2 protein chains.
Amino acid sequence: MPKQVDHDERRRQIGDAVCRVMATRGLDAVSLRHVAAEAGVSMGRVQHYFATKDEMLLFAFNQISARVGDRIGAVHSADPRTYLRTLLLELLPLSAAARLEAPVLAAFLAQAVVEPRLAAPLREGAPQMVAFVADLITQVRPGGDAEQDAMALLAFVDGLMMQMLIGQVSAEVAVELVDHQLCRVFVAAS
Amino acid sequence: MPKQVDHDERRRQIGDAVCRVMATRGLDAVSLRHVAAEAGVSMGRVQHYFATKDEMLLFAFNQISARVGDRIGAVHSADPRTYLRTLLLELLPLSAAARLEAPVLAAFLAQAVVEPRLAAPLREGAPQMVAFVADLITQVRPGGDAEQDAMALLAFVDGLMMQMLIGQVSAEVAVELVDHQLCRVFVAAS
DNA sequence: TGTTTTACGATGCGATCGCATTGCAAAACG
DNA sequence: CGTTTTGCAATGCGATCGCATCGTAAAACA
């Protein structure tokens with residue numbers, strides 16, 4: 001056999017290339033050849049690690065999902081209000097890392113509209129996120145329908161991400177809007 | 001010459017087919033052949049009315065943009081609060097018409113992230129919408145930063161649309177969330 | 001050391017793509 | 001009525017696509 005190679009590492013490298021192609025040229029520019037070129041490897045190698053293009057895309061999707069999950073999982077703060085604010089801001093293309101991930105996420109989200117295989121994990125993952133955000137809200141402001149506020153905040157951040165990616169909203173304005181919304185949620189007696 | 005045909009009508013028919021393909025199979029399924037088949041016409045006819053695929057897609061984009069614009073333009077109410085509520089709900093895939101348009105819009109939005117030619121009109125159209133919504137808010141609740149509330153509401157509705165399309169949020173919950181957000185905006189002394 | 005197995009690179013195939021070209025029937029026009 | 005122009009249908013072309021196949025260098029294993 002040739003030198004033992006870290007199988008998962010190789011797959012991650014290719015997955016990264018998929019994300020880079022998606023971020024710069026869109027989902028429909030993702031072909032085996034483009035990905036191979038972006039990764040700086042041969043097309044045969046890509047095929048060796050992924051049986052089909054769909055499998056490759058699904059892997060890339062899980063990869064950025066995990067990456068985003070790690071990033072927001074790394075957020076922590078003693079103050080639940082600061083915690084929530086940091087969490088929401090982490091979902092927006094503000095940091096360098098998030099600016100790379102957001103276009104990829106947006107492309108996958110759009111594809112999920114017409115591809116149930118992508119929509120299913122998103123549907124299943126959402127309630128956890130809602131519950132987590134709702135819990136943070138409750139810590140700051142007991143009473144009121146925290147779950148509704150949580151869902152609204154997450155939808156708001158989702159839309160804000162899209163608008164930022166399209167250039168409708170600048171980073172500064174986006175942060176102001178998030179703070180404004182958080183203020184609304186926490187001030188409310190509801 | 002052959003019988004005089006309504007040029008614009010033919011283009012609209014093809015544009016409709018483009019949207020139908022996008023709604024059911026996504027943007028990357030839009031090919032000249034698929035569109036022709038969907039429209040029930042020959043590929044030659046599609047080429048006759050659109051010089052390039054890009055021109056066809058751009059036309060389809062303007063077409064649904066105009067359609068959505070017409071739909072929200074048709075909204076009217078003496079009460080600004082009802083007006084705003086109806087307006088926002090009209091942006092969600094709730095009615096039969098909107099359920100057909102929303103997936104198409106979502107696909108174009110995602111494409112706009114990597115294609116400036118689509119992003120430009122969206123960037124330019126946004127401020128008008130913000131101003132209009134802000135005006136409605138001011139009528140109900142003078143004072144406070146109405147523009148910030150308007151931008152937040154529009155981002156919220158955008159994200160909500162995506163979540164509905166993916167199936168994360170049902171129609172009923174979506175309406176509740178919109179009402180909840182409107183309540184927050186109008187109650188606020190801010 | 002020989003065998004086997006792994007990790008590819010290279011190449012080819014059929015399908016599909018956008019687009020150009022060609023041909024022609026039909027109707028408006030002189 | 002003949003000419004011209006329009007509205008298409010048909011076909012072909014080169015490029016690119018996902019994927020299958022084949023060959024092979026090299027290292028782990030016996």
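Every chain is numbered from 1 and lettered A, B, ... according to where its sequence line falls, protein lines coming before strand lines. These figures come from a predicted structure and were not determined experimentally.
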*Asks:* Quick one: do B:R67 and B:D16 satisfy salt bridge (Lys or Arg N to Asp or Glu O under 4.0 Å)? Show the steps, please.
*Replies:* CA-CA 11 Å; B:R67 226 195 280 285; B:D16 282 340; 2.5 Å; yes
*Asks:* Taking atom C1' of D:dT24 as reference, at what distance in whole Å does atom CZ of A:R45 sit?
*Replies:*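 Going from CZ in A:R45 over to C1' in D:dT24 covers 16 Å.
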*Asks:* Could you state the NE2-P distance from A:H48 to D:dT24, rounded to the nearest angstrom?
*Replies:* 18 Å
*Asks:* How far apart are the closest heavy atoms of B:Q168 and A:A126, and which atoms are they?
*Replies:* CD-CB, 4.0 Å
*Asks:* Atom CG of A:D28 to atom C1' of D:dG18: distance rounded to whole Å?
*Replies:*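 Value for this atom pair: 15 Å.
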*Asks:* Using every non-hydrogen atom in the two residues, find where B:A171 and B:L94 come nearest and quote the distance to one decimal.
*Replies:* CB-CD2, 3.7 Å
*Asks:* Quick one: does A:R123's side chain have a donor or acceptor within less than 3.5 Å of a partner on B:I166's backbone?
*Replies:* yes
*Asks:* Do the charged groups of B:E38 and B:R33 touch, with an N to O distance under 4.0 Å?
*Replies:* no
*Asks:* What's the closest nucleotide to the B:Q4 side chain, out of C:dC19, C:dA28, C:dA10?
*Replies:*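 When the side chain of B:Q4 is considered, C:dA28 is the closest of C:dC19, C:dA28, C:dA10.
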*Asks:* Test of understanding: with ring pair (Phe, Tyr, Trp, His ring centres under 6.0 Å), list the residues that count as partners of B:F61, not counting sequence neighbours.
*Replies:* B:F108
*Asks:* Rounded to whole Å, how long is the line connecting atom CD of B:Q47 with atom C1' of D:dT11?
*Replies:* 11 Å
*Asks:* Starting from C1' on C:dA20, measure out to CE on B:M43 and report it in whole angstrom.
*Replies:* 10 Å
*Asks:* Grab the N/O contacts between the protein and nucleotides 13-17 of chain D below 3.5 Å, and write none if there aren't any.
*Replies:*
{"from": "D:dC17", "atom 1": "OP1", "to": "A:S31", "atom 2": "OG", "distance (Å)": "3.1"}

*Asks:* Rounding to an integer number of Å, can you tell me how far B:D6 CG sits from C:dA27 C1'?
*Replies:* 17 Å
